[in-house]
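Every chain is numbered from 1, with letters handed out A, B, ... down the list of sequences.
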Number of protein chains: 2
Amino acid sequence: MNIGLLLFIPNRDVENRVLAAVNAAGFEVTQAQARVLMRVDPDGTRLTVLAESAQVTKQTAGFLVDQLEKAGYVERVPDPADGRARLVKVTEKAKEAVPVANAELARIEAEWEQHIGKRRMAQLREALEMLGDITDPYR
Amino acid sequence: MNIGLLLFIPNRDVENRVLAAVNAAGFEVTQAQARVLMRVDPDGTRLTVLAESAQVTKQTAGFLVDQLEKAGYVERVPDPADGRARLVKVTEKAKEAVPVANAELARIEAEWEQHIGKRRMAQLREALEMLGDITDPYR
DNA sequence: TGTCTTTGGTCAGTCTCTCTGATTAAAGTA
DNA sequence: TACTTTAATCAGAGAGACTGACCAAAGACA
């Protein structure tokens, strides 16, 4: 079984479940919006940086931030350090979604640990974190 | 770091690289088309089954198969066992892409093994295969 | 200082993928 | 035979992603 598919299947499961949990709690965001939202730094992040880290064009990132802004999950404030730039910041409303997402993630991890064991779960994490070094173009 | 993102990042890397390799070899398929094509059984597969295993609606699967058919990568033949159904089969042309994809996958795995070591790579595979039991809705 | 290049972001247009809803036709069932 | 289910398609719409063109501020430098 190919390594891409092996990674894809559990990843899809996590994305689906976390999004479903967040939606069920009343936060109406899409997967694409969530992927951008997730990458907004507590101190605010420039659009260019968001685009780069989410691996989409700045037009796409801008489109998604527009929607998140309309829905009240982020706001754009001028960047004091650069007159051209604006910082995307998460609002209080969006911050309330974080514990919902984290709770579902914890639930998933617990189920997985139940199925494959604590030791293997730790090994999985370790291997994936190391792979991030060579597969995360943003890092 | 959340387990979803940890899975997502290397998965994206694999998908990008394999697709780029296949494209570079002259096979013009998209990621979505590839995801369907990958799931066609050597003996042929019904559209409904493809849709289910790729986790899309049958309309979407049908749309992608249409494109793959136009490009000459699959053909639809009547299903001898069911007058309503047709079997999607891969053509010789598509079969030629398989070794290209496999070669890139092997290259990726070798690089990863180089970075995290043989032992951790085996552990990663084992954990992911076990997780498939509980996260692959098709299995 | 004034020009040139780079960088952050937007506008316009298009394409691909995905969905929902409705429909057709063959199979299976009572 | 009539009813229900299943395999697939048609029609229409929305989301998300891209390329290309553009503007304005910042940085570099002669």
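- Remark: A/Thr45 pairs with A/Val40, A/Asp41, A/Val49, A/Leu50 by the side-chain contact (heavy atoms from CB on, under 4.5 Å) rule, at least two apart or across chains.
- Environment of CD in B/Glu28: sparse, with no more than 12 heavy atoms of neighbouring residues, nucleotides or ligands closer than 6.0 Å.
- Residues B/Tyr73 and B/Val22 fall within the same hydrophobic cluster, defined by Ile, Leu, Val, Met, Phe, Trp and Tyr side chains chained together at heavy-atom separations under 4.5 Å.
- Under a cut-off of 6.0 angstrom, the local environment of CD in A/Gln114 is sparse, with at most 12 non-hydrogen atoms contributed by other residues, nucleotides or ligands.
- Within residues 41-48 of chain B, the residues approached by DNA chain D to less than 4.0 Å at the level of any non-hydrogen atom are B/Arg46, B/Leu47, B/Thr48, in residue-number order.
- When the side chains of ILVMFWY residues are joined at heavy-atom separations under 4.5 Å, either directly or via intervening members, B/Leu6 and B/Met130 end up in a single hydrophobic cluster.
- Across all strands shown, B/Gly83 has heavy atoms under 4.0 Å from sugar-phosphate atoms exclusively, and none from any base.
- If you check residues 4-26 of chain B against DNA chain D, you find no residue with a heavy atom closer than 4.0 Å.
- A side-chain contact (heavy atoms from CB on, under 4.5 Å) with A/Asn11 holds for exactly one of B/Leu7, B/Thr135, B/Leu5; it is B/Leu7.
- Across all strands shown, B/Asp79 has no heavy atoms under 4.0 Å from either base or sugar-phosphate atoms.
- For the atom pair CD1 (B/Ile9) and CD (A/Glu129), the distance works out to 10.5 Å, reported to the nearest 0.5 Å.
- Here the side chains of B/Val56 and B/Phe63 are not in contact, with every heavy-atom distance at 4.5 Å or above.
- Side chain of A/Arg17 to main chain of A/Ile108: no donor-acceptor pair is present (N/O by atom type, distance under 3.5 Å, no hydrogens or angles).
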Quiz item: How does protein contact run along nucleotides 15-24 of chain D, one letter per nucleotide 5' to 3', with B for base contact, S for sugar-phosphate only, - for none, heavy atoms under 4.0 Å?
Solution: -BBBBB----
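- Not a single side chain to side chain donor-acceptor pair (under 3.5 Å) links B/Arg86 to another residue, sequence neighbours left out.
- Looking at B/Arg125, its side chain never comes within 3.5 Å of a backbone N or O of B/Met121 through a donor-acceptor pair.
- Of the candidates B/Lys118, B/Arg120, B/Arg119, B/Lys118 is the only one forming a salt bridge (Lys or Arg N to Asp or Glu O under 4.0 Å) with B/Glu113.
- Boundaries of the chain B contact region on DNA chain C are C/dC17 to C/dA27, first to last in 5' to 3' order (nucleotide atom under 4.0 Å from a heavy atom).
- Looking only at distances, no side-chain donor or acceptor of A/Asp79 sits under 3.5 Å from a matching main-chain atom of A/Gly83.
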